[in-house]
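First comes the structure, then the notes that go with it.
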Number of protein chains: 2
Amino acid sequence: MNIGEAAAASGVTAKMIRHYESIGVIPKAGRSLSGYRVYTENDVHVLRFVRRSRSLGFSMAEIKQLLLLWRGRRPSKEVKRLATAHVVQLRAKIAEMRAMVKALDHLAAHCHGDERPECPILEGIASPGSVTEKARRMS
Amino acid sequence: MNIGEAAAASGVTAKMIRHYESIGVIPKAGRSLSGYRVYTENDVHVLRFVRRSRSLGFSMAEIKQLLLLWRGRRPSKEVKRLATAHVVQLRAKIAEMRAMVKALDHLAAHCHGDERPECPILEGIASPGSVTEKARRMS
DNA sequence: CTTGACCTTCCCATAATGGGAAGCTTGACC
DNA sequence: GGTCAAGCTTCCCATTATGGGAAGGTCAAG
């Protein structure tokens, strides 16, 4: 299999396959006489593993670890630790983004969104302090 | 005020202030005779606006727009549209990350996390298909 | 007048992905 | 055998927001 076929079979673009090889996440592929990279079915499994790990949000550094753990048949404890730490990071980011959404929803709720230039959103960003509070003060 | 003072007053690092200027998000600062950047109270307000917009997750391109809308006293409709579009993006990312957490929690729940190398997490990544299903098949 | 803190610009690095150029290989078709 | 398109190779550049660090100029206090 050459790189294009491996890409189609794994769902990882040829460009990314070369990149993963260059950063050492996957081992260097074999080469044909003319210098083309050659892939086996097993290499494709590895590529799929990488793609799915990416879709779970793991960084390339983490995937490198996961692949080592996989290949090395290391204790599942280590895998679980890695996965759990990742989930913690994800939850933290989710919480952060939810706070953003909450704040923005709040600001937007008070914005008329019409032709007038007065905008609680901009005002809220310029000088934070509850927009509701301001609305109250103004009434 | 020189850049260090403006940084302390706004909560934006001097490095970032220069960067924001270089990409045109904030106007070029005035200069002293010796070439030092000089800032006014108003410049600091702008920097704070940028910092807070960042903390709400807006990209620099969006912040550039927000600043134009702010300075230009443009219809609040435009601001609201920008903010709402951003919230949509945030919600999409949140949903994506929650799906990741859900999948990972599911995989981790079935991983003993002990010294044995069998690991439902790795297996789940290697060949997706419900881990629960596999557990059922094996029993 | 020296010294330390601060300023200037410029280059480099990060993480993951992609675009695109220049040049070689392969396979098919005539 | 010759040609052409498609596919491969490497190499460089761009993205986003942030920061590290070097080389050199400036300012204020001693």
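Convention: sequence-line order gives letters A, B, ...; per-chain numbering from 1. Since the model is a prediction, treat every value here as computed from it, not as a measurement.
Against DNA chain C, the stretch residues 39-66 of chain B makes no heavy-atom approach under 4.0 Å. Contacts between residues 5-35 of chain A and DNA chain D, counted as heavy-atom distances below 4.0 Å, involve Arg18(A), Arg31(A), Gly35(A).
The two residues Arg31(A) and Gly35(A) have their closest heavy-atom pair at NH1-O, 2.9 Å. The shortest non-hydrogen separation linking Val38(B) to Ser32(B) is CG2-N, 3.5 Å. Closest of all the heavy-atom pairs between Trp70(B) and Ala126(A) is CZ2-CB, 3.5 Å. Listed here is the closest heavy atom pair of Ile121(A) and Ala83(B): CD1-CB, 4.0 Å. Leu56(B) approaches Ala103(A) most closely through the heavy-atom pair CD2-CB, 3.7 Å. Scanning both residues, Gly11(B) and Arg51(B), for their nearest heavy atoms gives O-CD, 3.2 Å.
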Given Lys80(A) and His112(B), is the side chain to side chain contact (heavy atoms under 4.5 Å, CB included) satisfied, shown in steps? CA-CA 8 Å; Lys80(A) 193 163 186 172; His112(B) 292 295; over 6 Å; no

Side chain to side chain contact (heavy atoms under 4.5 Å, CB included) between Arg48(B) and Val44(B): does it pass, once the steps are laid out? CA-CA 6 Å; Arg48(B) 273 201 276 260; Val44(B) 172; 3.8 Å; yes

Show which side-chain atoms of residues 17-26 of chain B pair as donor or acceptor with protein atoms under 3.5 Å away, not counting sequence neighbours.
residue, atom, partner, partner atom, Å
Glu21(B), OE1, Ala29(B), N, 3.4
Glu21(B), OE1, Arg37(B), NE, 3.1
Ser22(B), OG, His19(B), O, 2.8

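Residue pairs meeting the side-chain hydrogen bond (donor to acceptor under 3.5 Å, both in side chains) criterion with at least one partner in residues 87-100 of chain B, sequence neighbours excluded, are Asp105(A)-Arg91(B).
Heavy atoms from other residues, nucleotides or ligands lying under 6.0 Å from CZ of Arg74(B) number 12 at most.
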Each nucleotide N or O in nucleotides 4-7 of chain D that has a protein N or O under 3.5 Å away: list the pair and distance.
residue, atom, partner, partner atom, Å
dG7(D), N2, Tyr36(A), OH, 2.6

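Side-chain atoms of Asn42(A) never come within 3.5 Å of backbone atoms of His45(A) as a donor-acceptor pair (strictly under, hydrogens ignored).
Close to dC8(D), at under 4.0 Å from its OP1 or OP2, lies no side-chain N or O of Arg37(A).
For the helix from dC1(C)-dG30(D) to dC30(C)-dG1(D), the angle separating the two terminal helix axes comes to 30°, with each axis derived from five pairs and the value rounded to 10°.
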